[in-house]
Asker: 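Pasting in a structure now, in structure tokens, and then I'll have a few things to ask.
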Amino acid sequence: MNVLITGAAGFIGSNFTHYIAAECPDWKVTALDLLTYAGNLENLAVLIERKQVSFVRADIADATAMEQLFAQGRFDIVFHLAAESHVDRSIQGARAFAQANVLGTQTLLDCALASRVKRFVHISTDEVYGSLGPTGRFVETTPLDPTSPYSASKASSDLMVLACGKTHGLEVIVTRCTNNYGPYQFPEKLIPLFITNAIEDQALPLYGDGMNVRSWLHVRDHCQALLLAAQRGRPGEVYNVGGSAEAEIPNVAVTKAILQILDKPTSLIKKVGDRPAHDRRYAIDYSKSKAELGWQPTIPFEQGLQSTVRWYLDNEAWWRKIKSGEYLKFYEKNYGNR
Ligand code: NAD
Ligand code: DAU
């Protein structure tokens with residue numbers, strides 16, 4: 001099998017590239033990434049050194065570069081993870097999100113069609129469904145109701161992908177996953193930001209009342225779902241992927257769990273102004289993935305959080321390099337006036 005993984009130097013992309021290299025050692029893997037602020041080639045260094053993957057630096061929205069790559073690559077499967085992924089950055093400026101997530105995805109679809117790709121797996125998010133009240137869970141037929149520029153751009157790309165399947169017959173599969181956590185996550189997202197701030201005895205900026213609920217899934221479980229979706233998913237279908245009921249946790253409880261593991265005081269928690277249009281609660285019904293893909297989460301949140309904290313303690317050099325330069329400008333802009 002000849003596969004392309006986009007966004008391969010990002011958080012989920014790099015975990016997925018490692019996962020595929022281990023689970024499918026006979027696959028020929030091309031790892032593509034533009035290496036934006038969120039992409040880090042160090043995440044793939046071992047695989048590149050051992051020639052287990054070949055790396056291409058390119059922009060998925062660059063039609064000429066993508067046409068050349070697809071013509072030469074003759075890919076059987078595309079796993080499309082490349083995206084601008086942070087809600088707070090999309091609030092600061094939506095243009096990059098429309099460019100990468102919508103135009104970039106359409107560029108890949110055009111190239112996949114022209115080069116007769118067999119399967120196109122589009123990695124999306126539960127955020128396309130919007131916000132839940134205190135009860136209920138998202139199912140695949142829940143109407144799309146995105147609230148941030150990020151989730152709106154992901155919903156748009158989902159629709160372009162599904163339309164391409166219907167109109168042109170490309171075998172497309174869309175996965176919609178809840179919040180991931182684990183190694184190599186950029187420290188702008190809640191869990192790695194709070195772990196690294198706590199290690200440094202810095203304040204943990206908790207938005208609003210801290211009672212927004214997210215459904216947490218260890219990234220390894222997500223990787224398994226993506227491979228199964230490619231192998232067993234039905235073309236044109238959407239599959240929800242996400243945490244179990246026990247992993248649906250308010251942010252303040254996640255924050256306290258991190259502090260407890262690190263033996264740090266709760267006085268580090270700093271309540272700050274809320275995120276605009278902050279989705280109150282996400283929870284997912286993954287019974288379709290369980291029935292059709294044979295997938296369900298396997299890593300309990302407590303265990304996954306422990307090992308993730310351990311990873312950040314063991315890999316200080318990785319995140320300390322990131323938490324400087326451009327990152328500090330973003331941090332000041334996002335948190336300065338809250
Ligand atoms: P990330 O920001 O860590 O990684 C995204 C990667 O895409 C980066 O390496 C970046 O350099 C690359 N990229 C961005 N624009 C590009 C472009 N124009 N061309 C090529 N590469 C580009 O994000 P992530 O958390 O790993 O998310 C990966 C995918 O999974 C995204 O599509 C996201 O919407 C989706 N997702 C994420 C989560 C989560 O909790 N993190 C949950 C569900 C779905
Ligand atoms: O649900 C899947 C989505 O999960 C993915 O599609 C996104 O790419 C990913 O970023 C994530 O989105 P969230 O907005 O839920 O993740 P984030 O880590 O930014 O925030 C998680 C929760 O924590 C959310 O309720 C906002 C809150 N938060 C976040 C940050 C960064 C804080 O209270 N303080 C913070 O500093």
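Positions are given from 1 along the sequence. All values reported here derive from a predicted model rather than from experimental measurement. Order of appearance sets the numbers: ligands from 1, and atoms from 1 within every ligand.
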Asker: Can you tell which part of N40 has a heavy atom less than 4.0 Å from ligand 1: side chain, backbone, both or neither?
Answerer: neither
Asker: Determine, considering heavy atoms only, which of S14, S124, A83 sits nearest to atom 5 (C) of ligand 1.
Answerer: A83
Asker: For atom 36 (O) of ligand 2, state which one of F194, Y335, Y129 supplies the nearest heavy atom.
Answerer: Y335
Asker: Hey, which atoms in ligand 2 end up nearer than 4.0 Å to a heavy atom of D126?
Answerer: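 Per the distance check, 1 (O), 2 (C).
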Asker: Side chain, backbone, both or neither: which applies to N180 and ligand 2 if a contact is any heavy-atom pair less than 4.0 Å apart?
Answerer: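 Neither part.
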Asker: Taking N or O atoms only and a 3.5 Å limit, does W216 qualify as a polar contact for ligand 2?
Answerer: no
Asker: Flag the pair V102 / Q106 as yes when at least one side-chain heavy-atom distance between them is below 4.5 Å, and no otherwise.
Answerer: no
Asker: Counting non-hydrogen protein atoms only, what is the nearest one to atom 8 (O) of ligand 2? Give residue, atom name and distance.
Answerer: S85 O, 2.8 Å
Asker: Identify the protein heavy atom lying closest to atom 9 (O) of ligand 1, giving its residue, its atom name and the separation to 0.1 Å.
Answerer: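 Heavy-atom neighbour on the protein nearest atom 9 (O) of ligand 1: D33 OD2, 2.6 Å.
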Asker: Is it the side chain, the backbone, both or neither of K154 that has a heavy atom closer than 4.0 Å to ligand 2?
Answerer: neither
Asker: Side chain, backbone, both or neither: which part of L190 comes within less than 4.0 Å of ligand 2 when only heavy atoms are counted?
Answerer: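 Both parts.
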Asker: I want to know whether H86 and Y150 have ring centres closer than 6.0 Å.
Answerer: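 Ring centres of Y150 and H86 not closer than 6.0 Å.
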Asker: I need the nearest protein heavy-atom contact for atom 3 (O) of ligand 1: residue, atom name and distance, please.
Answerer: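 For atom 3 (O) of ligand 1, the nearest protein heavy atom comes out as F11 N, 3.0 Å.
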Asker: With a distance cut-off below 6.0 Å to the six-membered ring centre and an angular limit of 45° from the axis, does R338 pair with Y207 as a cation-pi contact?
Answerer: yes
Asker: Give the residue, atom name and distance (to 0.1 Å) of the protein heavy atom nearest atom 19 (O) of ligand 2.
Answerer: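 Of every protein heavy atom, R275 NH2, 2.9 Å lies nearest to atom 19 (O) of ligand 2.
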Asker: Under 4.0 Å from ligand 2, counting heavy atoms only, is it the side chain of N212, its backbone, both or neither?
Answerer: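 The answer is the side chain.
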Asker: Output yes when E140 and K288 qualify as a salt bridge under the 4.0 Å nitrogen-oxygen rule, no when they do not.
Answerer: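 No, E140 and K288 are not salt-bridged.
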Asker: Could you identify the single nearest non-hydrogen protein atom to atom 26 (C) of ligand 2 and state the distance to 0.1 Å?
Answerer: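 For atom 26 (C) of ligand 2, the nearest protein heavy atom is H278 NE2, 3.3 Å.
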Asker: Pull out every atom of ligand 1 sitting under 4.0 Å from any heavy atom of A58, numbered as shown with elements.
Answerer: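 It comes down to these atoms of ligand 1: 19 (N), 20 (C).
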Asker: Are any of the side-chain heavy atoms of Y239 and R234 separated by less than 4.5 Å?
Answerer: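 Result yes, sub-4.5 Å side-chain heavy-atom pair found.
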Asker: Among all protein heavy atoms, pick the one closest to atom 29 (C) of ligand 1 and tell me residue, atom and distance.
Answerer: L81 O, 3.1 Å
Asker: Would you mind checking which non-hydrogen protein atom is closest to atom 3 (C) of ligand 2, with the distance to 0.1 Å?
Answerer: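 Nearest protein contact, heavy atoms only, for atom 3 (C) of ligand 2 is E127 OE2, 3.0 Å.
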Asker: By number and element, which atoms of ligand 2 are closer than 4.0 Å to a non-hydrogen atom of L193?
Answerer: 36 (O)
Asker: Counting from 1, what ligand 2 atoms have a heavy atom of Y150 closer than 4.0 Å?
Answerer: 5 (C), 6 (O), 7 (C), 8 (O)
Asker: Answer yes or no: is there a side-chain heavy-atom contact under 4.5 Å between L193 and E188?
Answerer: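 Of all side-chain heavy-atom pairs linking E188 with L193, none is under 4.5 Å.
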Asker: Who gets closest to atom 30 (O) of ligand 1 by heavy atom: I123, L44, V241?
Answerer: I123
Asker: Knowing that exactly one of T142, N240, T125 qualifies, which makes a side chain to side chain contact (heavy atoms under 4.5 Å, CB included) with R176?
Answerer: N240
Asker: Return the residue, atom name and 0.1 Å-rounded distance of the protein heavy atom closest to atom 1 (P) of ligand 1.
Answerer: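 Among all protein heavy atoms, the one nearest atom 1 (P) of ligand 1 is S85 OG, 3.5 Å.
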Asker: Taking only non-hydrogen atoms of T6, do any sit less than 4.0 angstrom from ligand 1?
Answerer: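 Outside the 4.0 Å threshold, so no.
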Asker: Mark up the atoms of ligand 2 that fall under 4.0 Å of a heavy atom belonging to T125, in ascending order.
Answerer: 1 (O), 2 (C), 3 (C), 5 (C), 6 (O)
Asker: Donor-acceptor check, side chain of H122 to backbone of F79, threshold 3.5 angstrom: yes or no?
Answerer: no
Asker: In terms of residue, atom name and distance, what is the protein heavy atom nearest to atom 18 (N) of ligand 1?
Answerer: D59 OD1, 2.9 Å
Asker: With atoms numbered from 1 as shown, which atoms in ligand 2 lie under 4.0 angstrom from a non-hydrogen atom of K189?
Answerer: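 Listed by number with element: 10 (O), 18 (O).
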Asker: To which protein heavy atom is atom 16 (C) of ligand 1 closest, and what is the distance rounded to 0.1 Å?
Answerer: L34 CB, 4.0 Å
Asker: Which heavy atom of the protein is the closest neighbour of atom 33 (O) of ligand 2, given with residue, atom name and distance?
Answerer: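 Its nearest protein heavy-atom neighbour is Y207 N, 2.8 Å.
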Asker: Is any side-chain heavy atom of L204 less than 4.5 Å from a side-chain heavy atom of K270?
Answerer: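 In short, these two side chains do not touch, never coming nearer than 4.5 Å.
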Asker: Heavy atom of A96 under 4.0 Å from ligand 1?
Answerer: no
Asker: Is the distance between the ring centroids of Y282 and Y129 under 6.0 Å?
Answerer: no
Asker: Can you check whether I60 has an N/O within less than 3.5 Å of an N/O in ligand 1?
Answerer: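 Between I60 and ligand 1, an N or O pair is found under 3.5 Å apart.
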Asker: For ligand 1, note which part of K154 has a heavy atom under 4.0 Å away: side chain, backbone, both or neither.
Answerer: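 Within the 4.0 Å criterion, K154 contacts ligand 1 through side-chain atoms alone.
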Asker: Could an N or O of ligand 1 be found under 3.5 Å from any N or O of A100, whether backbone or side chain?
Answerer: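 Such a contact does not occur with ligand 1.
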Asker: Would you kindly specify which portion of N179 sits under 4.0 Å from ligand 2, judged on non-hydrogen atoms: side chain, backbone, both or neither?
Answerer: both
Asker: Do W27 and I77 touch side chain to side chain, with heavy atoms closer than 4.5 Å?
Answerer: yes
Asker: For a 4.5 angstrom cut-off between non-hydrogen side-chain atoms, does L108 reach M66?
Answerer: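 Yes, their side chains come closer than 4.5 Å.
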Asker: Any N or O of Q185 that comes nearer than 3.5 Å to an N or O of ligand 1?
Answerer: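 By distance alone, the answer is no.
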Asker: Is ligand 1 less than 4.0 angstrom away from at least one heavy atom of G104?
Answerer: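 For ligand 1, residue contact (heavy atoms, under 4.0 Å) with G104 is absent.
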Asker: Quick test: of every protein heavy atom, which one is nearest to atom 4 (O) of ligand 1, and how far off is it to 0.1 Å?
Answerer: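 For atom 4 (O) of ligand 1, the nearest protein heavy atom is G10 CA, 3.4 Å.
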Asker: Quick one: look up the protein heavy atom nearest atom 41 (N) of ligand 1 and list residue, atom name and how far away it is.
Answerer: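 Residue, atom and distance for the closest contact: I12 CD1, 3.6 Å.
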Asker: Which of the atoms in ligand 2, numbered in the order shown and given with their element, are less than 4.0 Å from a heavy-atom of C177?
Answerer: 2 (C)
Asker: Looking only at N/O atoms, are E188 and ligand 2 under 3.5 Å apart anywhere?
Answerer: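 Among all N and O atoms of E188, none is under 3.5 Å from an N or O of ligand 2.
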Asker: Does ligand 1 have an atom that lies less than 4.0 angstrom from a heavy atom of A8?
Answerer: no
Asker: Could you check whether any side-chain N or O of D33 sits under 3.5 Å from a backbone N or O of L35, counting only pairs where one atom can act as donor and the other as acceptor?
Answerer: yes
Asker: Under 4.0 Å, heavy-atom basis, I'd like to know which part of S151 is in contact with ligand 2: side chain, backbone, both or neither.
Answerer: neither
Asker: For atom 27 (C) of ligand 2, what's the nearest protein heavy-atom neighbour? Residue, atom name and distance, please.
Answerer: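 The closest heavy atom on the protein side is N251 ND2, 3.5 Å.
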Asker: Is the closest heavy atom of T178 to ligand 1 under 4.0 Å?
Answerer: yes
Asker: Below 4.0 Å, non-hydrogen atoms only: which portion of Y150 touches ligand 1? Side chain, backbone, both or neither.
Answerer: side chain
Asker: Kindly indicate whether the side chain of S244, heavy atoms from C-beta on, has any atom under 4.5 Å from the side chain of Y286.
Answerer: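 They are in side-chain contact.
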Asker: What do we get for A61 next to ligand 1 when only non-hydrogen atoms under 4.0 Å count, side chain, backbone, both or neither?
Answerer: neither
Asker: Got the closest protein heavy atom to atom 34 (N) of ligand 2, with its distance?
Answerer: P205 O, 2.8 Å
Asker: So how far is it from L206 CG to K256 NZ, rounded to the nearest 0.5 Å?
Answerer: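 With rounding to 0.5 Å, CG (L206) is 9.5 Å from NZ (K256).
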Asker: Please confirm whether Y327 and Y37 have ring centers closer than 6.0 angstrom.
Answerer: no
Asker: State, with a plain yes or no, whether a side-chain heavy atom of T175 is found less than 4.5 Å away from one of I123.
Answerer: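 Yes; the side chains approach each other to less than 4.5 Å.
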